[in-house]
Amino acid sequence: EPASVVCPEGRKSGLRYLFVLAILLLATACSTSTSRPSNPEDLCAIFREKSDWYEAALDMNEKWGTPVQVPMAMMYQESSFKYDAQPPMRYFLFIPLGRASSAYGFAQVKDETWSDYQRETGNSWADRDDFADAIDFMGWYSYKTSRVNKIAPSDAYNQYLNYHEGWGGFRRGTQNDKRWLLKTSRVVEARAKRYATQFKQCRSSL
């Protein structure tokens, strides 16, 4: 019968359609996960646009005890939520000399610090350009900062100074010789406070 000839071809067309649809959905999911939020000044808008980021932020808070607004404000400062952010390339005349450091990803983490995180948490498959892994790293770092230097996880100002200078540098007071860094930390602190106010108003509707 004609149907016996048409059906296999129909099944092939259907399979091709499902395959293409799956690829498109995967591409869309990846794009949504890695693209920068359209309104980074509003934490509610970020989480409404990126529900997977919201879930990852909640997981970080539950696991490490760091308020959501603190790593989000720090991440804004470090990478502007750009998943593959890196320090600028250095040049001598026209000769590239490499980047200032190995910092990479959402949280701008250096190679050696990322390795410490992977080893201590057992999260060996973590990637710096994955938001969930990056914010978990920041929660881990904040938790360690509270243990090593007795800085409250909610203290965005001093948390950021530790994040930038390292625990030893902070104890030695290296941040006090960098007026630009102290000013930047105040910017992070102010953004964390704004994020906290926004989050309080919208959390029940997320």
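Note that the numbering runs from 1 along the sequence shown for the chain.
In this structure, a donor-acceptor pair under 3.5 Å is absent between the side chains of Asp136 and Asn123. Tyr195 and Arg191 share no side-chain donor-acceptor pair at under 3.5 Å. Under 3.5 Å, the side chains of Glu49 and Ser38 contain a donor-acceptor pair of N or O atoms. When only modelled atom types and interatomic distance are considered, Asp133 and Tyr117 share no side-chain donor-acceptor pair under 3.5 Å. Side-chain atoms of Glu41 and Tyr76 form a donor-acceptor pair, as typed in the model, at a separation below 3.5 Å.
Counting heavy atoms from C-beta outward, Tyr163 and Glu78 have side chains that approach closer than 4.5 Å. Side-chain contact check for Met72 versus Val68: some heavy-atom pair is nearer than 4.5 Å. Residues Trp140 and Asp116 form a side-chain contact, since some pair of their non-hydrogen atoms from C-beta on lies under 4.5 Å apart.
Of the possible donor and acceptor atoms, none in the side chain of Gln175 sits under 3.5 Å from a partner among the backbone N and O of Leu181. Here the side chain of Ser142 pairs no donor or acceptor atom with the backbone of Met138 at under 3.5 angstrom. Looking only at distances, a side-chain donor or acceptor of Asp130 sits under 3.5 Å from a matching main-chain atom of Ala132. One N or O on the side chain of Asn61 and one on the backbone of Thr66 form a donor-acceptor pair closer than 3.5 Å. In this structure a side-chain-to-backbone donor-acceptor pair under 3.5 Å is present from Gln118 to Ala126.
Aromatic ring pairs are classed by plane angle as parallel below 30°, tilted from 30° to 60° and perpendicular above 60°; the pair Trp53 and Phe81 is tilted. The aromatic rings of Phe131 and Phe106 sit perpendicular, their planes meeting at an angle over 60°, well past the 30° parallel limit.
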Under the criterion side-chain contact (heavy atoms from CB on, under 4.5 Å), I'd like the reasoning laid out for Thr113 against Phe137: C-alpha separation, chi angles, the key distance, then a yes or no. CA-CA 10 Å; Thr113 312; Phe137 166 84; 3.7 Å; yes
Applying side-chain contact (heavy atoms from CB on, under 4.5 Å), run through Trp167 and Tyr141 and close with a yes or a no. CA-CA 10 Å; Trp167 302 307; Tyr141 200 94; 3.5 Å; yes
I'd like to know whether Ser35 forms a side-chain contact (heavy atoms from CB on, under 4.5 Å) with Lys50, so could you lay out the CA-CA distance, the side-chain angles of the two residues, the decisive distance to 0.1 Å, and finally the verdict. CA-CA 10 Å; Ser35 63; Lys50 297 177 177 293; 3.1 Å; yes
Stepwise, does the side-chain contact (heavy atoms from CB on, under 4.5 Å) test hold for Ser80 with Arg36? CA-CA 8 Å; Ser80 296; Arg36 297 165 68 180; 3.5 Å; yes
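The pair Asp111-Arg128 counts as a salt bridge, with a side-chain nitrogen and a carboxylate oxygen less than 4.0 angstrom apart.
Of the options Glu165, Glu189, Arg186, Met74, a side-chain contact (heavy atoms from CB on, under 4.5 Å) to Tyr160 is made by Met74 and by none of the others.
With a 6.0 Å radius and a threshold of 12 heavy atoms from other residues, nucleotides or ligands, Tyr143 has its OH atom at or below the threshold.
By the rule that hydrophobic residues join a cluster once side-chain heavy atoms approach within less than 4.5 Å of another member, Ile135 and Trp125 end up as members of separate clusters. The hydrophobic cluster containing Leu43 does not contain Val187, counting ILVMFWY residues as joined when their side-chain heavy atoms lie under 4.5 angstrom apart, directly or transitively.
Scanning both residues, Ile46 and Pro37, for their nearest heavy atoms gives CG1-CB, 3.9 Å. Smallest separation of non-hydrogen atoms from Ile151 and Gln159: O-NE2, 3.4 Å.
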